[in-house]
Amino acid sequence: MCGRFTLKTPAPMIAELLGLEPPGPRQLELFAPRYNIAPTQDVAVVRTATGGGREAVGMRWGLIPSWSKELPKSAPLINARSESLTEKPTFRGPLKRTRCLIPADGFYEWTTEGKRKQPHYIRFPDGRLYAFAGLWDRWRGPGGAGPVIESCTILTTAANAQLAPLHDRMPVILAPGDYDLWLDGAVENADDLRHLFDPLPAGELAIDPVDPRVNKVANDDPQCVTVQRSLF
DNA sequence: CCAGACGTTGTT
DNA sequence: GTCTGG
DNA sequence: CCAGACGTTGTT
DNA sequence: GTCTGG
């Protein structure tokens with residue numbers, strides 16, 4: 001669930017909606033329009049900066065636990081089940097200390113129709129920006145040597161009635177009023193955060209089939225989100 | 001105590 | 001690092 | 001998440 | 001079928 005998403009909102013608007021400084025050159029690159037963000041790629045992440053305030057940084061999508069000896073060969077941890085975070089050694093630390101916002105304005109889900117993988121694009125009807133609840137971690141190369149890689153994961157929750165036909169999970173979409181709480185490093189008690197994981201109420205999102213060109217990661221352009229019109 | 005795992009998704 | 005299994 | 005590769009030996 | 005790359 002939630003294995004591809006978009007971030008095509010203009011950079012100045014992203015900065016404004018997420019409470020960041022007006023974007024400099026670095027942020028303009030980080031927030032360059034994206035129509036097909038895929039696992040293992042760099043994604044824009046908003047976190048609490050050292051010394052307070054919010055900052056946006058690029059991170060690999062697919063969390064690598066800080067204690068990993070090698071780069072994991074198994075499927076990347078692109079999602080984390082919000083219900084069980086406190087039971088998982090991999091996520092328990094990050095839930096306490098390294099939470100983040102992952103800005104997005106739409107995501108994709110697939111249905112399999114025979115051999116055909118049909119993508120569906122899911123967003124608010126007005127296409128507005130929002131933020132997934134995310135966790136991140138920092139990994140220091142093999143044996144603590146090598147390069148430092150910061151990586152992140154997107155939380156999931158039970159799908160609401162609207163998304164259930166597509167999948168049984170959906171990403172945790174935070175309300176803007178909850179951004180401060182989610183990023184507050186002083187909050188370490190999971191019980192104070194659990195209510196943020198409630199699924200978005202059904203009916204708020206729009207779901208439409210799009211061209212399967214999005215299936216291919218190399219295709220990263222506005223055609224990915226062009227709604228397929230019925231032929232009838 | 002030490003050793004070994006540590007994850008999600010979808011598919012079978 | 002932290003949890004589970006033995 | 002989906003797409004695409006998946007291998008060795010010997011010879012040039 | 002399974003793994004890697006994006």
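Proteins get letters first, then strands, A, B, ... in listed order; numbering begins at 1 in each.
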Within the structure shown, what part of the strands sits under 4.0 Å from [X] by heavy-atom distance: base, sugar-phosphate, or nothing?
| X | answer |
| --- | --- |
| A:Pro65 | nothing |
| A:Ser84 | sugar-phosphate |
| A:Ala218 | nothing |
| A:Asp168 | sugar-phosphate |
| A:Thr90 | sugar-phosphate |
| A:Trp67 | base |
| A:Phe91 | sugar-phosphate |

Heavy-atom neighbours of [X] [atom1] exceed 12 at 6.0 Å:
| X | atom1 | value |
| --- | --- | --- |
| A:Glu16 | CD | no |
| A:Glu21 | CD | no |
| A:Arg128 | CZ | yes |
| A:Glu29 | CD | no |

Review point. Taking atom OH of A:Tyr121 and atom CG of A:Leu205, what is their separation to the nearest 0.5 Å?
Key: 11.0 Å

Study note, to complete from the structure: CG of A:Leu196 to CG of A:Asp178, rounded to nearest 0.5 Å, is 4.5 Å

Using the [atom1] atom in both, what is the distance from [N] to [M], to the nearest Å?
| N | M | atom1 | answer |
| --- | --- | --- | --- |
| B:dT12 | E:dG1 | P | 8 Å |
| B:dC6 | D:dC6 | P | 29 Å |
| B:dG7 | C:dT4 | C1' | 16 Å |
| B:dT11 | D:dC1 | P | 7 Å |
| D:dT8 | E:dG5 | P | 16 Å |

**Study point:** Stretch residues 192-200 of chain A: residues that reach within less than 4.0 Å of DNA chain E through a heavy atom
**Key:** none

Review point. Given the rule that I, L, V, M, F, W and Y join up when any side-chain heavy atoms are under 4.5 Å apart, are A:Val225 and A:Phe107 in one cluster?
Key: no

Are any non-hydrogen side-chain atoms of [X] and [Y] less than 4.5 angstrom apart?
| X | Y | value |
| --- | --- | --- |
| A:Leu18 | A:Phe31 | no |
| A:Pro201 | A:Asn160 | no |
| A:Leu7 | A:Leu129 | yes |

**Study point:** Segment of DNA chain E, first to last nucleotide, that comes within the 4.0 Å heavy-atom reach of chain A
**Key:** E:dT4 to E:dG6

Under-4.0 Å side-chain N/O to phosphate OP1/OP2 contact, [X] with [N]:
| X | N | result |
| --- | --- | --- |
| A:Lys117 | D:dC2 | yes |
| A:Arg169 | B:dT9 | yes |
| A:Lys69 | B:dC6 | no |

Study note, to complete from the structure: Of the listed B:dG7, D:dC2, B:dT11, the closest approach to the A:Ser74 side chain comes from B:dG7

Exercise for review: When you get a sec, tell me which of D:dG4, B:dT8, B:dG7 is the closest nucleotide to the side chain of A:Lys216?
Suggested key: D:dG4

Review point. Taking both distances under 3.5 Å as the test for a Watson-Crick or G-U pair, what stems of at least three pairs does DNA chain B have?
Key: B:1-6 with C:1-6

